[in-house]
Asker: 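Can you keep this structure in mind? I'll have questions shortly.
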Amino acid sequence: MTVTRFAPSPTGYIHVGNLRTALMNFLIARKESGTFILRIDDTDPERSKEEYVDAIKQDLEWLGLTWDRVERQSARLDRYAAAADKLRDMGRFYEAFETPTELDLKRKKQLNMGKPPVYDRAALSLSEAEQEALRAERGAGVWRFKLNQERIEWTDGILGDVSIDAASVSDPVLIRGDGQVLYTLASVVDDTEMGVTHVVRGSDHVTNTATQIQIIEALGGNVPRFAHHSLLTGPQGESLSKRLGTLSLRDLRAAGVEPMALLSLMARLGSADPIELRSEMEQLIEGFDIERFGAAPTKFDSNDLYPLTARHLQSLPFEAVEEHVRATGVPADLGPLFWEVTRENITTLRDLEAWWLMCRDGAQPVIEDEDREFVAEAMALLPEGPYDRDSWGSWTTAVKDATGRKGRALFMPLRKALTGQAHGPDMNKLLPLLQNIRAKG
Ligand code: GLU
């Protein structure tokens, strides 16, 4: 049985980078009819906030990334304590007392000597009396996991065969001096006890994975299949880390990006397959294959979301947007026609409002000097509303007969006079929607 999880820390809003992780784990679980767990990594009581937990859920719900259950690390502290005891009993866990400044100094010395800045395990040679003395002086130490210094190897779903020399990695701190359990341990205990079979996460976690594999093995758990996706960069390959804050899912939602546009892009970006706009989650699930993704950094341009959003909206029947059209203020009887007329002329649903205000209040007419007389003459021929789908045709025929103008010279000044714009919806359909016409010449 396939079990995956998305494990955000509730310390902020989730962004497109997190979405990539969430979506891949979701798609794997759904493709295999497995379980998708939303795991809240909230062992840090200072930085974790309930409002972010709620926000993460809302964002995932907006996208239709439904989870089968929620787990919270803060509710499982006893499990982590039990695992820590087990590691202690096995002699794989040791207390270390260096201050951050001391560690920093050690690192600098190592680097100066051209050595990798790996923790020197000085704490392992402390006698019990020395430990006691340090504890009395500095308080409880941190607890480090003692890595077996051998190569750690796994076949990564995206990176292929990975081999990391454990001797080049510091023994990871799993418990802080104040007793706070750190992510590395909590995550391993959860993955093992929850039967997680596949873990997809960002390539910034590759070294974590190496150490976690040893911890899982020490605890006697099954090692899940790991896949590390590349990190997103901006369109020019620049780092996105600083800009990710502006690429939160809630900002994209507020900007009018449609869920299926975002999901369609993210389900393929960085893979060997082309981006295809899908209208159903099922199609994304069907077409997903983690092995098609590459290790190279993936360029993300939020501008790509808008053409996809526009295309998605064009494909929607009125029923799908009825609520939104109504909320825009369009009277119920005009709704279907309004949608038919505007859907090809919007990028996001937010653009509906401007079209509606134009229909309701009339546009600021645009009339070129050389058309002034012509427009005045035409407006005099415009019958009183309400209009139907034949009104534009019969009116422009009458104007043509009266003025001799035809083609573009006939239609364009009238369009600009009525809508204030040179481009826009089919006038046959638009005219019946115009509640108010201001272009009296
Ligand atoms: N809370 C971790 C993070 O957000 C989870 C990483 C993982 O998937 O194991 O980076």
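Both ligands and their constituent atoms are indexed starting at 1 by order of listing.
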Asker: Below 4.0 angstrom from a heavy atom of Arg201, which ligand 1 atoms are there? Numbered from 1 as shown, please.
Answerer: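 Taking each heavy atom of Arg201 in turn, ligand 1 has 7 (C), 8 (O), 9 (O) under 4.0 Å.
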Asker: Starting from atom 10 (O) of ligand 1, find the nearest protein heavy-atom neighbour and note its residue, name and distance.
Answerer: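 The closest one turns out to be His205 NE2, 3.0 Å.
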Asker: What about Arg39: any of its N or O atoms under 3.5 Å from an N or O on ligand 1?
Answerer: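 No; the residue has no nitrogen or oxygen that sits under 3.5 Å from a nitrogen or oxygen of the ligand.
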Asker: Examine distances only and state if a side-chain atom of Asp104 and a backbone atom of Pro100 form a donor-acceptor pair shorter than 3.5 Å.
Answerer: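 Answer holds: no.
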Asker: Say whether, by atom type as modelled, one donor and one acceptor occur between the side chain of Arg438 and the main chain of Ala363 under 3.5 angstrom.
Answerer: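 Between the backbone of Ala363 and the side chain of Arg438 there is a qualifying donor-acceptor contact (under 3.5 Å).
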Asker: Do Asp161 and Thr155 have side-chain atoms, one donor and one acceptor, less than 3.5 Å apart?
Answerer: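 Judged by distance alone, the side chains do pair up.
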Asker: Which atoms of ligand 1 have any heavy atom of Ser187 under 4.0 Å away?
Answerer: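 In order of number, 9 (O).
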Asker: Are Phe36 and His198 an aromatic pair, judged by ring center distance below 6.0 Å?
Answerer: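 Ring-ring flag for His198/Phe36: false, centres at least 6.0 Å apart.
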Asker: Under the side-chain hydrogen bond (donor to acceptor under 3.5 Å, both in side chains) rule, what do Asp171 and Tyr94 come out as? Steps first, then yes or no, please.
Answerer: CA-CA 10 Å; Asp171 288 341; Tyr94 64 95; 2.5 Å; yes
Asker: Indicate whether any N or O donor in one side chain lies under 3.5 Å from an N or O acceptor in the other, for Tyr80 and Asp190.
Answerer: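 Per modelled atom types, Tyr80 and Asp190 side chains form a pair under 3.5 Å.
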Asker: In ligand 1, which numbered atoms sit nearer than 4.0 Å to a non-hydrogen atom of Arg5?
Answerer: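 Counting atoms of ligand 1 from 1, those under 4.0 Å from Arg5 are 7 (C), 8 (O), 9 (O).
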Asker: Do me a favour and list the nearest non-hydrogen protein atom to atom 4 (O) of ligand 1 with residue, atom name and distance?
Answerer: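 Protein heavy atom at minimum distance: Ala7 O, 3.5 Å.
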Asker: To the nearest 0.1 Å, how far is atom 6 (C) of ligand 1 from its closest protein heavy atom, and which atom is that?
Answerer: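 Checking every protein heavy atom, the shortest distance to atom 6 (C) of ligand 1 gives Tyr183 OH, 3.2 Å.
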Asker: For Asp41, counting its heavy atoms only, list the atoms of ligand 1 lying under 4.0 Å from any of them.
Answerer: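 Matching atoms, with element in brackets: 1 (N), 2 (C), 5 (C).
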